[in-house]
Amino acid sequence: MTGSHATPANTARPGHESRGSGMALFVIASCQLMVVLDITIVNIALPDMQKSLGFSTENLSWVVNAYTLTFGGLLLLGGRLGDIMGRRRVFIFGVLLFVFASLLGGLSQESWQLLAARSLQGVGGAIASPTALSLITTTFREGPERNRAFGVFAAVSAGGSAIGLLAGGMLVEWLDWRWVLFVNVPIGLLIAFATPRYIRESERHPGHFDIAGALSSTVGMVLLVYGFIRASEDGWTDPVTLGAFVAAVVLLALFIAIERRSRQPITPLWMFRDRNRAGAYAMMLSLSAALFGMFFFLTLFVQDVLGFSPLRAGLAFLPVSAIIAVGAGLASQLLPKYGPKPFMVVGAILAALGLGWLTLTDVNSTYLGSILGPMLVFGLGMGMQFVSLTLMAVSGVAQREAGAASGILNATQQVGGSLGLSILVTMFGTASRNEATDQVPSFLKEATPPQLLEFRRTGELPPPWGNEVLTSGVSSAFVVAACFAVLAALVALFVIQVRPSDLARLQGGTTPEQADATPVPPDETKGPHSHGLDP
């Protein structure tokens, strides 16, 4: 395959350089926002989807899982596609596939059709998202320009979840649940149209696709998440639960074995030998678990306990997006002076404090008195984190490896979110069942005949007993989420070893010539195929 030696977009004529770079960043950030917010935009629409398509409660959860698991599981392969075939063309293909799947999902008449469309959306997102991040490394100059681009990208990635909740609330309340999917169609088409005008094609590197690695990792993660979700419903001793965990471990071990032996792996294991990069991946895994959990459970709490409408619930999360952007901007400006480690440590501690504050939530909590403050503390910490983690994870590698590096970073975010949420759901289910057991005697003593009939039909306690049950589960889930953030803070303190003076090296990265001259451990590569790619 012949490489196309394209010139980066920021080498255009001086009179058009600033405008071209700005539009390129707008296109890349718009794609990332569309892909990320689609993880949460459907959350508020789930009850309407259930009524329209006849989902059972158990199957309804897969409307979210089908997207996040295919998205996170195939991100590694998506990053490799861009390296081998050219990032711009792969980026456009991923966007168009995402648009097509969104259209199919909005037109769904059966539950299986929506689940299939959501899975296909995840595939499109997995192709477009890592390519978008790696395009930043080939489009923007090293130093302040690239730092600002990383800051915008990180803010969009972190804030997209909250924006999705707001957009979902407006679309469901004003139009119909199908529009949470239809809205992607015009946006995606505009992105695909603008991309060739403002982003030049990257150099292509001949290679092969690690299909076995992609399938083993994706199926393994699906089974692992399924095991946790199943355990929350049927217990840890359920044979299907145990079987899912065993199969997941076998497949993930097989994935590592495949990557160690592959001449061109989707996950170059040598990247994890850098303790700073490995630490950044571990922190992203933990913090994403906390982030997904906060949005999921607070969405339940403000609607079911506080009685917010879908639109009001979406508006309630808007301050989080704003404070995440503030944190990202602050970190981006101060990184040259202090380096990334202080922001990684302080950001994780703030996230842990915000989540710890949320553990105090009870049925008498109010939005202004008990919810807004912790959300702002958490959001500020997350904004500071994502800029530093993005810089640490994708800097210092050859441009030809940028797709793989960004793919791992994005995969840890999505996989961490899916895994973390499934663990939090397990804790939520255990705490809720225990609280329900305590509430039943009081309910049976005080309930009216209609309430008793409804309880026998559904098995669910109505308010106020049901609110006690839900709140107990939510506060217990936040305990585990806070532990995830504490774990990230410990990694930042004891694993990350980078000084402000190292920032120039991180920003400058490694040229392809330097990468070719760098010895690669013999057990990771064979012959001339250093780093899993042909020279």
Side-chain angles (χ1 to χ4, degrees), residues 65-84 119 122-123 125-127 129-131 134 207-230 240-275 277-286 288-289 393-394 397 401-423 520-526 529-533:
N65 291 334
Y67 180 80
T68 56
L69 290 174
T70 54
F71 186 20
L74 296 177
L75 274 168
L76 301 173
L77 184 60
R80 174 51 59 90
L81 284 172
D83 288 340
I84 295 176
S119 298
V123 176
I127 294 172
S129 183
T131 312
S134 60
H208 300 284
F209 302 119
D210 182 11
I211 302 298
L215 290 178
S216 59
S217 63
T218 302
V219 177
M221 290 310 306
V222 168
L223 288 172
L224 188 59
V225 170
Y226 176 77
F228 280 111
I229 295 175
R230 177 91 182 187
V240 177
T241 299
L242 296 175
F245 282 129
V246 170
V249 170
V250 170
L251 284 171
L252 293 176
L254 177 62
F255 166 69
I256 294 174
I258 291 171
E259 299 309 283
R260 289 184 62 85
R261 291 169 172 76
S262 175
R263 298 176 68 182
Q264 297 183 343
I266 57 172
T267 310
L269 297 182
W270 66 266
M271 287 187 177
F272 292 91
R273 293 189 173 182
D274 183 302
R275 63 182 295 159
R277 185 174 297 112
Y281 290 149
M283 290 183 67
M284 181 66 85
L285 194 77
S286 297
S288 296
V394 303
V397 298
E401 297 283 6
S406 62
I408 296 173
L409 180 67
N410 280 273
T412 54
Q413 182 179 8
Q414 301 307 320
V415 169
S418 298
L419 267 179
L421 183 56
S422 66
I423 293 171
V520 180
D523 63 332
E524 299 276 344
T525 59
K526 298 180 182 179
H529 302 280
S530 71
H531 299 178
L533 288 174

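When a residue number appears, it is its place in the shown sequence, counting from 1.
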Closest heavy-atom pair and its distance - [X], [Y]:
{"X": "Gly213", "Y": "Phe255", "result": "O-CD1, 3.1 Å"}
{"X": "Ala244", "Y": "Gly227", "result": "CB-CA, 4.0 Å"}
{"X": "Leu223", "Y": "Ala247", "result": "CD1-CB, 3.7 Å"}
{"X": "Ala248", "Y": "Gly220", "result": "CB-O, 3.4 Å"}

By ring-ring contact (aromatic ring centres under 6.0 Å, His included), Tyr67 pairs with (sequence neighbours left out) Phe71
Go through the steps to decide whether Leu252 and Met221 satisfy the test side-chain contact (heavy atoms from CB on, under 4.5 Å), and finish with yes or no.
CA-CA 8 Å; Leu252 293 176; Met221 290 310 306; 4.0 Å; yes
Enter the distance from Leu254:CG to Glu259:CD here, rounded to the nearest 0.5 Å.
9.5 Å
Rounded to the nearest 0.5 Å, what separates atom CG in Leu285 from atom CG in Leu419?
7.0 Å
Partner of Leu251 under side-chain contact (heavy atoms from CB on, under 4.5 Å), chosen from Leu224, Leu215, Val246, Val219
Val219
Using the side chain to side chain contact (heavy atoms under 4.5 Å, CB included) criterion, which residues pair with Ile423? Sequence neighbours excluded.
Phe228, Val480, Phe484
Please identify each residue that fulfils side-chain hydrogen bond (donor to acceptor under 3.5 Å, both in side chains) with Thr241, with sequence neighbours left out.
Asp238
